[in-house]
Amino acid sequence: MNRTHTCNALTSENIGERVILSGWVNSRRDLGGLIFIDLRDREGITQLVINPENASDVADICRPIREEWVLTVCGIVGARPDDMVNKKIGTGKIEVNLEKIAIENKSQPMPYHFNDAQASEDLRLKYRYIEMRKTKLGSYLRLRHDITKHIRDYFDENGFIEVETPILSKSTPEGARDYLVPSRVFPGQFFALPQAPQQYKQILMVGGLERYFQMAHCFRDEDLRADRQPEFTQIDVEMSFITEEDIYELVEGLMTSIFREIKQIDIDTPFPRLSYEEAMFQYGSDKPDTRFKMRLVDLSSVVTHSGFQVFKNAIGDGGKVMAINAKGLNSIASRKTIDEWNDIAKLMKAKGLTYLKIEDDGTIKSPIAKFLTEEEINDITNLTDATSGDIVLIVADAFLTAAQALGRLRTEIAEAHGMIPDNTYNFLWVNKFPLLELDEEAASFIPIHHPFTSPVKADIPLLETNPGGVKAQAYDVVLNGVELGGGSIRIHDAELQQRMFEILNISDTEINSKFGHLLDALGFGAPPHGGLAIGFDRLVMLLTGAPSIRDVIAFPKTTKSSCLLMDSPSQVDGQQLNELALTIQQK
RNA sequence: GGGGUUGUAGCGCAACUGGUUAGAGCACCACACUGUCACUGUGGAGGUCGCGGGUUCGAAUCCCGUCAACCCCGCCA
């Protein structure tokens with residue numbers, strides 16, 4: 001028997017037809033005489049009725065059937081009595097009176113109750129096939145497919161060519177830890193799985209493809225988070241003969257069309273832009289959530305000569321006194337709550353947090369009030385726009401420390417107190433990043449983005465005099481406080497690229513062995529080019545509202561990078577190790 | 001590498017201050033039931049209290065270690 005309809009297809013118009021359905025037993029209600037079975041496939045649910053008076057042989061077969069058994073059934077579509085219509089399902093007006101039934105497969109009792117949203121994630125990961133059969137996961141995977149298809153169409157329509165780049169690649173210094181694959185043919189040598197197809201896509205530009213994209217699988221052997229998996233998918237893009245503006249336009253077009261198609265939401269373009277410096281000053285983050293205000297305020301100028309030593313010293317040491325105004329939260333700012341906020345500030349390496357409460361009657365309460373003049377207090381409340389019922393949180397520290405502590409507090413407080421509007425999607429470009437940062441341990445510069453990022457043209461001479469002051473032609477696209485993706489205009493001049501490696505303190509030998517191929521390629525007529533990569537799993541996570549990217553990946557790994565379904569990683573036998581010339585060191 | 005939360009029946013949970021035979025619900029098994037739709041009712045079975053050690057007359061409960069899942073810091077060009 002081959003099915004004639006899905007379990008969501010039948011309506012009153014089919015009444016009287018003989019149909020064949022296949023699916024899983026969603027639930028079974030045996031009334032002794034009458035038996036009802038809800039049959040489910042990926043499209044929906046249809047109620048089956050077995051009446052022993054009409055079909056006693058079918059009823060006998062049905063008695064032992066349990067949840068999740070797999071059936072193919074044949075019967076006549078009938079109308080339900082008016083008062084028996086089930087409004088919860090699309091097929092609620094009809095039912096199928098069974099004439100024939102085939103049990104395709106039995107099932108063990110379910111290991112957990114999937115109606116139960118509380119079931120532990122261990123079980124959901126181990127029994128991933130059950131999870132995708134009955135819960136949101138199945139619909140998320142379908143949505144993920146829809147988005148993938150839409151992306152491929154978008155790039156195709158814009159003249160892009162999808163190229164697959166190797167998974168067995170080469171380990172290069174810098175960046176994340178590599179996953180390594182031993183070579184059998186070259187004992188003691190290794191492939192690395194790509195952290196990103198970065199060099200390949202630049203080389204595709206040298207190859208004259210001009211517009212490349214790929215749904216690229218990437219691997220990074222670093223510790224996990226709710227939004228980080230060891231393997232993940234990027235929408236990887238590279239273009240020749242373009243400027244930053246072309247990238248902005250391309251991504252804005254992609255995002256608006258995805259949101260229109262998938263969510264029926266119109267996103268405003270162009271996306272607002274903030275420089276890295278503005279983002280840090282206003283939000284204390286390089287990926288600010290702009291769905292709510294509570295911006296950072298620099299109080300340094302009004303407390304430079306403060307009697308409060310902590311402020312004075314912080315500024316004297318070249319730091320800043322920064323604040324946020326938690327509007328209207330004075331009433332909930334108990335001792336305990338302020339302690340929790342203080343812990344968050346310390347978590348972000350700040351030495352501590354102080355505050356200024358504006359009581360309902362307008363009086364100021366603050367542990368540091370006695371150190372401040374009336375004028376200083378007035379300046380603080382004016383700058384932070386603080387009025388009755390507000391509490392101003394203040395951190396004095398090195399600028400970046402103070403800003404990041406308040407930036408973190410800002411999002412924690414907003415989340416905890418419902419200050420973030422639902423169904424709002426705030427895109428943002430963050431650009432003008434510094435090119436390099438000083439690695440204190442190694443006492444040398446390391447790239448903020450990656451070593452192929454082009455400096456802003458005007459800053460190139462600064463490379464020789466003040467490398468830390470050079471700005472990069474790099475940009476991140478941020479959505480609701482999540483770093484969705486980022487990219488840059490690349491260096492396409494071999495000499496400049498060589499000089500960049502030298503500034504990064506990479507030895508000539510290493511430049512040759514690790515990057516010789518790239519320098520070669522740049523030397524054979526590399527066009528100016530640039531691109532970006534967008535975290536596809538994160539995008540789907542935000543589009544579904546899922547709390548973790550695990551929820552939008554078919555077979556995700558745990559926070560220790562193991563797979564509970566396959567029980568990987570696992571040991572291999574000695575023969576395999578021998579072939580690869582590997583021995584295992586006991587730790 | 002570090003901090004935190006959690007771990008008791010197949011599942012989600014309870015078990016007071018360390019004290020009788022670790023409980024009820026869902027699922028499972030059996031029986032009954034012709035309009036249910038998370039069917040209902042009656043009965044039954046089901047436990048390495050994550051694992052190992054310690055304290056104690058006595059440990060699910062206290063202590064030490066360890067494992068696993070999750071969240072965060074570091075890390076993630």
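Letters A, B, ... are given to chains in the order of the sequence lines, protein chains preceding strands, and every chain is numbered from 1.
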| query | Can you check the L224(A) CG to rC72(B) P distance for me, whole Å? | reply | 11 Å

| query | When we call it a touch if two heavy atoms are under 4.0 Å apart, what does D221(A) touch: a base, just sugar-phosphate, or nothing? | reply | nothing

| field | Nearest to side-chain heavy atoms of N51(A), which nucleotide of rU34(B), rC37(B), rC72(B) | value | rU34(B)

| L123(A) side chain, from C-beta outward: closest of rG12(B), rC73(B), rC76(B) | rG12(B)

| request: Write down the partner of rG58(B) under the Watson-Crick or G-U wobble criteria, each distance required to be under 3.5 Å. | output: none

| Side-chain N or O of S27(A) less than 4.0 angstrom from OP1 or OP2 on rC39(B)? | yes

| remark: Testing rU36(B), rA68(B), rC70(B) for proximity to the side chain of R80(A), the answer is rU36(B)

| message | Could you tell me the Watson-Crick or G-U partner of rC13(B), where both distances fall under 3.5 Å? Say none if there is no partner. | response | rG23(B)

| query | So what does S562(A) hit on the nucleic acid, given a heavy-atom distance under 4.0 Å: a base, only sugar-phosphate, or nothing? | reply | sugar-phosphate

| query | Does rG7(B) have a Watson-Crick or wobble mate here (both distances under 3.5 Å), and if so which one? | reply | rC67(B)

| query | Within this structure, what is the NZ-to-C1' distance between K346(A) and rC72(B), rounded to whole angstrom? | reply | 17 Å

| Rounded to whole angstrom units, what separation is found between the CG atom of N26(A) and the P atom of rC39(B)? | 9 Å

| said: Using the side chain to side chain contact (heavy atoms under 4.5 Å, CB included) criterion, which residues pair with A345(A)? Sequence neighbours excluded. | reply: A350(A), L353(A), A405(A), L409(A)

| With no angle test and no hydrogens, is the base of rG74(B) tied to the side chain of D223(A) by a donor-acceptor pair under 3.5 Å? | yes

| query | Does rC49(B) pair with anything, Watson-Crick or G-U wobble, both distances under 3.5 Å, and if so, with which nucleotide? | reply | none

| note | Per the under-4.0 Å heavy-atom filter, residues of residues 228-239 of chain A near RNA chain B come out as R228(A)

| said: Can you confirm whether W24(A) is buried at CH2, in the sense that more than 12 heavy atoms of other residues, nucleotides or ligands lie under 6.0 Å from that atom? | reply: no

| Can a side chain N or O of R29(A) be found less than 4.0 Å away from OP1 or OP2 on rU34(B)? | no

| Neighbour count >12 (heavy atoms, 6.0 Å) for atom CD, E340(A) | yes

| query | Got a donor-acceptor pair under 3.5 Å from the side chain of E95(A) to the base of rG35(B)? | reply | yes

| task | List for me each residue that meets salt bridge (charged side-chain N to carboxylate O under 4.0 Å, His left out) alongside K560(A), sequence neighbours excluded, and say none if there are none. | result | none

| request: Find the distance I35(A):CD1 to rU34(B):P and express it as a whole number of Å. | output: 11 Å

| message | Taking 4.0 Å as the cut-off, does a side-chain nitrogen or oxygen of K560(A) come that near to OP1 or OP2 on rC70(B)? | response | no

| Whether E244(A) side chain and Y475(A) backbone form a donor-acceptor pair below 3.5 Å | no

| request: Look at all strands and tell whether Q195(A) reaches a base, only sugar-phosphate, or nothing, counting heavy atoms closer than 4.0 Å. | output: nothing

| query | For every nucleotide of nucleotides 26-33 of chain B, 5' to 3': is a protein heavy atom under 4.0 Å from its base (B), only from its sugar-phosphate (S), or from neither (-)? | reply | S--SS--B

| task | Using only heavy-atom distances, determine whether the side chains of D178(A) and S171(A) contain a donor-acceptor pair under 3.5 Å. | result | yes

| task | Could you state the atom-to-atom distance from OH of Y179(A) to P of rC76(B) in whole Å? | result | 15 Å

| Within this structure, what is the CD-to-C1' distance between E121(A) and rC70(B), rounded to whole angstrom? | 7 Å

| task | Grab the CZ-P distance between R225(A) and rG3(B) for me, whole Å please. | result | 15 Å

| said: Just to verify, what does P166(A) make a side chain to side chain contact (heavy atoms under 4.5 Å, CB included) with, not counting sequence neighbours? | reply: Y200(A)

| message | The criterion is side chain to side chain contact (heavy atoms under 4.5 Å, CB included); which residues satisfy it with L428(A), sequence neighbours excluded? | response | P272(A), L274(A), P288(A), T290(A), V430(A), V478(A)

| field | Presence of T46(A) side-chain N/O under 4.0 Å of rC37(B) phosphate oxygens OP1/OP2 | value | no

| task | Look only at the side chain of R80(A) and the backbone of G92(A), and say whether a donor-acceptor pair between them is shorter than 3.5 Å. | result | yes

| message | Using a distance-only criterion (donor-acceptor N/O pair, under 3.5 Å, no hydrogens), is the base of rC37(B) paired with the side chain of N86(A)? | response | yes

| field | Partner residues of E95(A) under the side chain to side chain donor-acceptor pair (under 3.5 Å) criterion, sequence neighbours left out | value | Q47(A)

| query | Got a sec, which pairs hit ring-ring contact (aromatic ring centres under 6.0 Å, His included) with one end in residues 212-236 of chain A, sequence neighbours left out? | reply | F155(A)-F213(A), H217(A)-F219(A)

| Whom does rU40(B) pair with, Watson-Crick or G-U wobble, provided both distances fall under 3.5 Å? | rA32(B)

| request: With a 4.0 Å heavy-atom cut-off, tell me which residues in residues 544-559 of chain A come close to RNA chain B, sorted by residue number. | output: R550(A), T558(A), T559(A)

| request: Output all residues satisfying salt bridge (charged side-chain N to carboxylate O under 4.0 Å, His left out) with E277(A), sequence neighbours left out; order by chain, then residue number. | output: none

| Y140(A): ring-ring contact (aromatic ring centres under 6.0 Å, His included) partners, not counting sequence neighbours | none

| query | What's the CE-P distance between M84(A) and rU36(B), to the nearest Å? | reply | 4 Å

| request: Compare the aromatic ring of F36(A) with the six-membered base ring of rU36(B) and state whether they stack according to the 5.5 Å and 30° rule. | output: yes

| message | I'd like to check the salt bridge (charged side-chain N to carboxylate O under 4.0 Å, His left out) partners of R128(A); sequence neighbours left out, ordered by chain and number. | response | none

